[in-house]
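FYI, the numbering just counts along the sequence from 1. Note that this is a predicted model, so its numbers are computed, not measured. Indexing begins at 1, ligand by ligand and atom by atom, following the structure's order.
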Amino acid sequence: MAGSASLYYRAFHGVPQSLTAPDGTPVNAVRGFLDALAFLVAEHRPARLVACWDDDWRPAFRVAALPSYKAHRVGADGGEDSPAALGPQVPVLVDVLAALGVARVGCPGFEADDVIAALAARAVARGDGAPVVVVTGDRDLFQLVDDAARVRVLYVGRGVRRAELVDEAWLAEHHGVRGGAGYADLAVLRGDPSDGLPGVAGIGEKTAAALLQRHGDLAGVRAAAADPASAVPAGQRRRLLEAAAYLDAAPAVVRTVAEVPVPAVADELPRAAADPQRLEELVRRWGLASSVERVLASLAGHRGR
Ligand code: MN
Ligand code: MN
């Protein structure tokens, strides 16, 4: 399953806007996304794949918990402040994925992150032992990493060709935390300015990881901060106690919600386009020939079931 917005944003910023349709409309994000899809299918040969959509990029339940959540990214129209040339490309991508027959799913009121969490839980519950790989450029999804359940993240923050496979050993090495749950606790303490998550003032990534190592998890850190007999240094203790309201609210913002009413999806990767005629129209209209050819070649060669 793939967090699509992180992939098309990445494509938009990584592929020149001089790539346009015959009428001059930029299609760089569409082409970059399709090229990434072709590469991932050829390289990883998944039997199933779902493009997960942000039907809501800033869900009300997260804003209610923490009004600063993504507040700096709200545009003049109340929607997400995204580049003008990107918006019109998203429906094109939707059409192309439908014509290809690549599954795409979102859920009103939830982010792609939550949809991914729900689908990962569903795949694990299926119990056939098939590994789950979450493809994303969003570090928030590291919280889903679970070796025992065979859930890993293919982090494409530096592009699909420089992807890193994130498992529990990777999280321990790069962030000093135990598993996906440890990463979520770290994200709460450290915060994330790009999401409007302040974190605990004065507690950066290293201090947060050290606190979690010493006290187990977020609840353990907070209990230690409240216990005068604990080893938490006075400065950190004061900062943690002062951030009590934030620490009460932030976990509900940071943690993905797996209990999302995601419809059942036919997620088997097709071997050929579901609607070749429609696909041909889209290719001509938007000038997507080479990218779509690459996707079709990767689909024809994939393992399937
Ligand atoms: Mn996210
Ligand atoms: Mn994020």
The Mn ion (ligand 1) is nearest to which N, O or S atom of [X]?
{"X": "Asp113", "answer": "OD2"}
{"X": "Asp140", "answer": "OD2"}
{"X": "Asp138", "answer": "OD2"}

Practice problem: Ignoring hydrogens and angles, tell me if any N or O in the side chain of Thr20 forms a donor-acceptor pair with the backbone of Pro26 under 3.5 Å. | Solution: no
Self-check item: Partners passing side chain to side chain contact (heavy atoms under 4.5 Å, CB included) against Pro88 (at least two apart in sequence or in another chain)
Solution: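 So Pro88 forms no side chain to side chain contact (heavy atoms under 4.5 Å, CB included) with any residue.
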Quiz item: Does a side chain donor of either Thr256 or Asp114 reach within less than 3.5 Å of an acceptor in the other side chain?
Solution: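 Not at all, the side chains of Thr256 and Asp114 share no donor-acceptor pair under 3.5 Å.
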Quiz item: Side chains of Ser194 and Asp192: is there a donor and an acceptor less than 3.5 Å apart?
Solution: yes
